[in-house]
2 protein chains.
Amino acid sequence: MATTLETSATVGIGYRSDGPSRLILDQLADKWSMTVLAFLDRPRRFNEIKRHLDGVTQRVLTHTLRRLERSGLVARRVLTTSPIGVEYSLTPLGESLLEPLSHLYAWTDANLDDIRAHQLAYDQRVRG
Amino acid sequence: MATTLETSATVGIGYRSDGPSRLILDQLADKWSMTVLAFLDRPRRFNEIKRHLDGVTQRVLTHTLRRLERSGLVARRVLTTSPIGVEYSLTPLGESLLEPLSHLYAWTDANLDDIRAHQLAYDQRVRG
DNA sequence: CAGCATCCTCGAGGATACTG
DNA sequence: CAGTATCCTCGAGGATGCTG
């Protein structure tokens, strides 16, 4: 099972399904994580985040933040205010992730129309 | 690894949950899509891909390839050989996606140990 | 060889109610 | 305000068998 490293020497993209990239993808590919990371350009309160993510429930947002905190991407800080407050912010590790992600966003913006056109053409080809 | 890009500290990352990046993430974040893309450094036959993805079923691989084809990232070509064959390859659009993805892979490789350490520490703190 | 047709499992995500 | 605690839905993914 020790797979050899014969994969994609041409392209030079070191992705393997059992590799570390899989782990990161699993971390980010849920419904809200990336939106949360993008919103944490400054420290934000729990309900502030919740209001920003239209439709998220408390339970799911809590789970999302816990997972990001667990991986060291987000820091959680309890404020000893009158009603207790909790502040979430990006860690340096979390901030460093924004840069590679921005490349993906840029690609998306540049190719979205192309993708949509392909999808539309495919659907018409299959249906009609 | 401190990039001199000054984008990370500011909002400069144009991600929104209702934006196009969401669409791309939904496309790539399934269990096999990225592995398939990485494996298509050259045209590959269906069963060739299936053998490479350890554990994937025919049904799921078919669906994965259909989705990638629908978005224009992968091309499907039927070979009129003795037993019919099908060849899958990256489109230029699909190839262009590998570059931004490689940034994500590089980040992952550079920070995997850090992430794993955070997760371990978190689990012990919470008492798992 | 490369599928499609069924059936089934399992967990992410949501609805709702309660609380320190 | 920022959470838990239950319960439920829904679809991705898997198992298995059949076929042009």
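Letters A, B, ... are given to chains in the order of the sequence lines, protein chains preceding strands, and every chain is numbered from 1.
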S.K.: Residues two or more places apart in sequence or in another chain: which of them pass side chain to side chain donor-acceptor pair (under 3.5 Å) with His63(B)?
M.R.: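 In terms of side chain to side chain donor-acceptor pair (under 3.5 Å), with neighbours along the sequence ignored, His63(B) is linked to no residue.
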S.K.: Can you name the residues that form a salt bridge (Lys or Arg N to Asp or Glu O under 4.0 Å) with Arg76(A), not counting sequence neighbours?
M.R.: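 If we apply the salt bridge (Lys or Arg N to Asp or Glu O under 4.0 Å) test to Arg76(A), skipping adjacent residues, there are no hits.
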S.K.: Please state how far atom NE2 in His63(A) lies from atom C1' in dA5(D), giving the value in whole angstrom units.
M.R.: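 Answer to the nearest Å: 11 Å.
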S.K.: Would you please name every residue forming a side-chain contact (heavy atoms from CB on, under 4.5 Å) with Pro43(B), sequence neighbours left out?
M.R.: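 Scan of Pro43(B) (side-chain contact (heavy atoms from CB on, under 4.5 Å), adjacent residues dropped) gives Glu87(B), Ser89(B).
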S.K.: What nucleotide, of dG3(C), dG13(D), dG13(C), holds the atom closest to the side chain of Val86(B)?
M.R.: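 When the side chain of Val86(B) is considered, dG3(C) is the closest of dG3(C), dG13(D), dG13(C).
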S.K.: Taking only residues two or more places apart in sequence or in another chain, which ones pass side-chain contact (heavy atoms from CB on, under 4.5 Å) with Ser33(A)?
M.R.: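 Checked Ser33(A) against side-chain contact (heavy atoms from CB on, under 4.5 Å); matches are Gln27(A), Asp30(A), Thr64(A), Arg67(A), Leu68(A).
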S.K.: Out of dA2(D), dA2(C), dC1(C), which has the shortest distance to the side chain of Pro83(B)?
M.R.: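 Looking only at heavy atoms from C-beta outward on Pro83(B), the closest nucleotide is dC1(C).
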S.K.: I'd like to check the side chain to side chain donor-acceptor pair (under 3.5 Å) partners of Thr57(A); sequence neighbours left out, ordered by chain and number.
M.R.: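 With sequence neighbours excluded, Thr57(A) shows a side chain to side chain donor-acceptor pair (under 3.5 Å) to no residue whatsoever.
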S.K.: If the condition is salt bridge (Lys or Arg N to Asp or Glu O under 4.0 Å), which residues does Asp26(B) pass it with, not counting sequence neighbours?
M.R.: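 Expected list: Arg22(B).
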S.K.: Five pairs at each end of the helix from dC1(C)-dG20(D) to dG20(C)-dC1(D): take the axis at both ends and give me the angle between them to 10°.
M.R.: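 Helix axis angle between the two ends: 60°.
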S.K.: Using the side-chain contact (heavy atoms from CB on, under 4.5 Å) criterion, which residues pair with Glu95(B)? Sequence neighbours excluded.
M.R.: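 Once residues adjacent in sequence are excluded, the partners of Glu95(B) under the side-chain contact (heavy atoms from CB on, under 4.5 Å) criterion are Leu90(B).
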S.K.: Just to verify, what does Arg116(B) make a side-chain contact (heavy atoms from CB on, under 4.5 Å) with, not counting sequence neighbours?
M.R.: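 Here the qualifying residues are Leu23(A), Leu112(B).
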S.K.: Are there any protein N/O atoms within less than 3.5 Å of an N/O atom in nucleotides 6-10 of chain D, and if so, which ones and at what distance?
M.R.:
{"unit_1": "dT6(D)", "atom_1": "O4", "unit_2": "Arg59(A)", "atom_2": "NE", "d": "3.4"}

S.K.: Enumerate the protein-to-nucleotides 18-20 of chain D contacts in which both atoms are nitrogen or oxygen and the separation is below 3.5 Å.
M.R.:
none

S.K.: Tell me, please, which residues at least two apart from Glu48(A) pass salt bridge (Lys or Arg N to Asp or Glu O under 4.0 Å).
M.R.: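 Scan of Glu48(A) (salt bridge (Lys or Arg N to Asp or Glu O under 4.0 Å), adjacent residues dropped) gives Arg42(A), Arg44(A).
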